[in-house]
Amino acid sequence: MIVKKVGELLIEQQLITKDQLLEALELQKVFPDQPIGQLLCKLGFIKESDLSFVLDHKNKRLQLVDILLVGGLIDKQKISHAREVSRQNGISLEKALLKLRYVDEEIFAKAVATQYDMPYIQINATDLDLSLSRYISSVYAQKQRIAPISKIGNTITLAMEHPLKAHDIRELEDSIRLRIISAIATETSISNCLKRLYNIDSSGSVSAIDEMALDIDPDSIKELLSKSSVGDEPDIEEETKKVTEKDSVIVKLVNKIVYDAYMNKASDIHIEPYQGKKDVVVRTRVDGQCSVYQKIPYKYKFAIPSRIKIMADLDIAERRKPQDGKIDFKKFGPLDIELRVATMPTVGGLEDVVIRILASGDPIGFSDLGLTERNLRVFQAALNTPYGLILVVGPTGSGKTTTLHSGLAQINQTNRKIWTAEDPVEITQAGLRQVQVNPRIGFTFAVALRSFLRLDPDVIMVGEMRDEETASTAVEASLTGHLVFSTLHTNSAPETVTRLLDMGLDPFSFSDSLLCVLAQRLCRRLCKDCKESYIATETEFNDLAEEYGRSSFVGTGLTIDTVILSRAVGCDRCGHTGYRGRLGIHEVLECTSKMKGLIKRRADTDSVRELASADGMTTLKQDGILKVFQGLTDIHEVRRVCIK
């Protein structure tokens with residue numbers, strides 16, 4: 001398909017001649033920034049109305065984003081982000097650019113003026129003649145977002161956010177019997193004019209789209225707080241309640257906190273109000289560590305929890321008992337994330353709020369789990385077994401779900417039917433049939449698991465073994481030809497075996513079903529950009545070898561000559577902490593024939609641990625020390641997450 005240029009189209013429409021086009025092209029060499037159509041108008045070869053008609057009907061007008069790009073007013077990355085926001089929220093790209101504050105109103109209005117070859121004007125609404133309002137009705141002015149700003153003789157100038165169509169202009173001219181000159185102005189200017197001329201306050205109503213914009217405002221927290229009225233600090237406790245959750249500053253503030261937390265890769269947000277006139281403390285947990293993100297004036301201590309509860313559809317009037325809920329944040333901002341909210345009443349009629357950020361995403365690569373060669377081999381062998389029970393254990397937030405999904409991704413093939421029951425579904429995979437349990441309506445893990453068995457599964461994943469019923473059903477499922485994955489909150493792999501036996505599982509069935517137990521922790525990874533490598537001293541090396549276990553350390557083959565350690569330094573990339581990202585440390589208990597015998601005899605934890613170590617299991621701390629020797633983390637982090 002041949003795409004015709006503007007000049008060719010104008011010749012085809014017999015609006016200009018070839019000679020006139022050549023003359024305009026010569027002039028364009030002197031004024032390269034001027035479009036050919038505008039030069040033809042300035043030379044008097046074509047009317048602006050005719051040019052506008054051709055540009056609109058032949059789709060030859062420059063796109064607004066192209067004007068902004070060419071002018072260096074925005075970059076492609078911001079446009080890409082704005083397109084995503086536009087798609088998620090069902091608004092135009094131009095609206096998204098404004099809402100994200102990637103372009104300000106004035107730049108945007110000037111770009112619109114350039115796009116439509118119209119003048120851009122700045123208006124001082126206080127100087128407007130009130131008699132102008134009689135020429136355009138208030139209803140029409142508000143609907144079309146136009147305002148009359150001057151009249152000279154039989155000509156009236158209309159300011160507008162976007163150009164009216166040519167036939168609308170002609171109809172309006174016939175109606176008011178005046179010639180119209182159109183000009184582009186900012187949305188704020190138009191609103192001020194409408195308020196001045198017609199007493200229409202269009203800024204008071206906040207639509208769903210407008211609310212969405214308040215939240216993705218990239219201002220700093222300090223800038224947002226500075227926008228609230230100055231000098232209105234309440235004098236007594238009761239007056240703090242006058243700041244409601246409908247305040248636009250509160251809307252911006254809450255969503256800004258969530259936005260920043262997500263961008264900083266935080267897993268949790270803690271809102272902590274205090275009695276009296278103490279600031280509200282907002283802390284975020286990044287890489288497992290809590291730190292103060294911001295302190296907010298005390299007058300917002302009722303409003304912020306109320307706003308969060310509104311977003312989560314909780315009862316804002318109930319401050320006496322804990323509540324929990326969820327927020328679909330894409331309704332309020334540009335992030336497609338789910339938030340889990342929990343509130344807790346505290347002294348003084350206040351409420352703490354903790355928000356867990358559940359970033360939906362893809363599973364990480366199996367090779368990126370950080371498993372050692374032996375652990376990888378045992379875990380991989382268990383994954384390739386047609387039936388049995390695989391457990392991943394550790395405290396809350398230790399990455400159990402991530403590891404399970406990485407394992408599932410290894411066996412996620414079209415010839416296998418895989419069902420998962422999770423609370424909540426954080427990681428999604430094509431090919432998996434994923435279900436979110438809901439204990440409030442009786443849809444528990446145990447109920448989901450029993451239902452799965454009637455759905456012809458090959459592989460089942462149960463988010464957590466919370467009770468004996470779930471654990472027993474999982475063992476039965478693994479013995480009837482299904483590969484079952486699950487998690488448990490235990491401290492180590494050997495403890496998991498005795499915990500499940502104490503829970504009431506039949507030791508014979510359990511020993512026959514168990515394939516392996518993978519225990520894990522997450523410790524902070526040293527920042528790759530600033531970590532400092534150094535040769536270990538003899539004392540350091542001996543201390544690490546002692547902590548590893550002298551007899552076991554000999555088998556690693558490491559010597560002081562081959563060991564290079566690393567220490568945290570701190571840079572801008574890691575927030576001057578010296579750490580960035582997290583690293584998994586693991587212990588994998590393989591259920592060998594000897595281990596099955598111990599389980600059947602209900603052996604204690606120490607006996608299970610001794611046999612597992614003899615079978616080649618490295619403990620969590622030993623695995624961590626090996627990663628210290630690899631320069632991935634330091635011993636302080638390993639000690640922090642491993643007791644022994």
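Atom set for the values below is all heavy atoms of this structure, side chains included, hydrogens, waters and symmetry mates excluded. For the single chain, residues carry numbers from 1 onward in sequence order.
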Residues Tyr293 and Asp260: side-chain donor-acceptor under 3.5 angstrom: yes
Are more than 12 heavy atoms from other residues, nucleotides or ligands located less than 6.0 Å from atom NZ of Lys151? yes
Does a sphere of radius 6.0 Å around CZ in Arg340 hold more than 12 heavy atoms from other residues, nucleotides or ligands, not counting ones at 6.0 Å or beyond? yes
Does Glu272 come within less than 4.0 Å of Arg283, counting only side-chain N to carboxylate O? yes
On a heavy-atom basis, the closest approach of Ala303 and Ile250 is CB-CD1, 3.7 Å
Distance check, rounded to the nearest 0.5 Å: Thr343 atom OG1 versus Asp324 atom CG? 8.0 Å
Ignoring hydrogens and geometry beyond distance, is a side-chain donor-acceptor pair present between His405 and Glu422 at under 3.5 Å? yes
Flag, side chain of Asn264 to backbone of Ala266, donor-acceptor distance under 3.5 Å: no
Using atom types as modelled and distance alone, determine if a side-chain donor or acceptor of Gln434 lies under 3.5 Å from a backbone N or O of Ile427. yes
Val354 versus Ile271: any side-chain heavy-atom pair under 4.5 Å? no
Could you tell me whether a side-chain N or O of Gln20 sits under 3.5 Å from a main-chain N or O of Phe45, the two making a donor and an acceptor? no
Is a donor on one side and an acceptor on the other found under 3.5 Å between the side chain of Lys277 and the backbone of Asp279? no
Exceeds 12 heavy-atom contacts within 6.0 angstrom, atom CG of Asn154: no
Is there a donor-acceptor pair closer than 3.5 Å between any side-chain N or O of Glu338 and the backbone N or O of Asp328? no
Using side-chain heavy atoms (C-beta onward) and a distance below 4.5 Å, is Leu68 in contact with Val103? yes
Going by atom types alone, do Ser131 and Asp129 pair a side-chain donor with an acceptor below 3.5 Å? yes
For Asp423, check side chain to side chain donor-acceptor pair (under 3.5 Å) against everything at least two apart and list the hits. none
Counterpart residues, side chain to side chain donor-acceptor pair (under 3.5 Å), relative to Thr155 (two or more places apart): none
Side-chain donor-acceptor pair present, Ser191, Thr188, cut-off under 3.5 Å: no
Strictly distance-based, threshold 3.5 Å: is any side-chain N or O of Ser306 a donor or acceptor partner for the main-chain N or O of Phe302? yes
Pairs in or reaching into residues 105-115: which pass salt bridge (Lys or Arg N to Asp or Glu O under 4.0 Å), with residues at least two apart or in two chains? Glu106-Lys110
Under 4.5 Å between any side-chain heavy atoms of Asp529 and Arg580, yes or no? yes
Within a strict 4.5 Å, meaning less than it, do heavy atoms of the Cys290 and Thr284 side chains meet? no
I'd like to know if the side chain of Gln323 pairs up with that of Glu318 as donor and acceptor (distance under 3.5 Å, no hydrogens or angles considered). no
Using a 6.0 Å cut-off, check whether atom CD1 of Ile152 has over 12 heavy atoms from anything other than its own residue. no
Nearest-0.5 Å distance that lies between atom CG in Leu164 and atom CZ in Arg145: 12.5 Å
Between Asp287 and Gly581, is there a donor-acceptor pair closer than 3.5 Å when you use the side chain of the first and the backbone of the second? yes
Can you see which heavy atom on Cys530 is nearest to which on Gly570, and at what distance? SG-N, 3.2 Å
I'd like to know if Glu351 and Lys309 make a salt bridge, using a cut-off of under 4.0 Å between side-chain N and carboxylate O. yes
Show the nearest heavy-atom pair for residues Leu197 and Ser133, with the distance to one decimal. O-CB, 3.6 Å
Contact summary for Ala125 and Arg196, nearest pair of heavy atoms: O-CG, 3.3 Å
Closest heavy-atom pair, Val280 versus Pro297, reported as atoms and distance to 0.1 Å, is CG2-O, 4.1 Å
With no hydrogens and no angle check, is any side-chain donor or acceptor of Gln144 less than 3.5 Å from a backbone partner on Ala141? no
Closest contact, heavy atoms only, Tyr140 versus Ile146: CE2-CD1, 3.7 Å
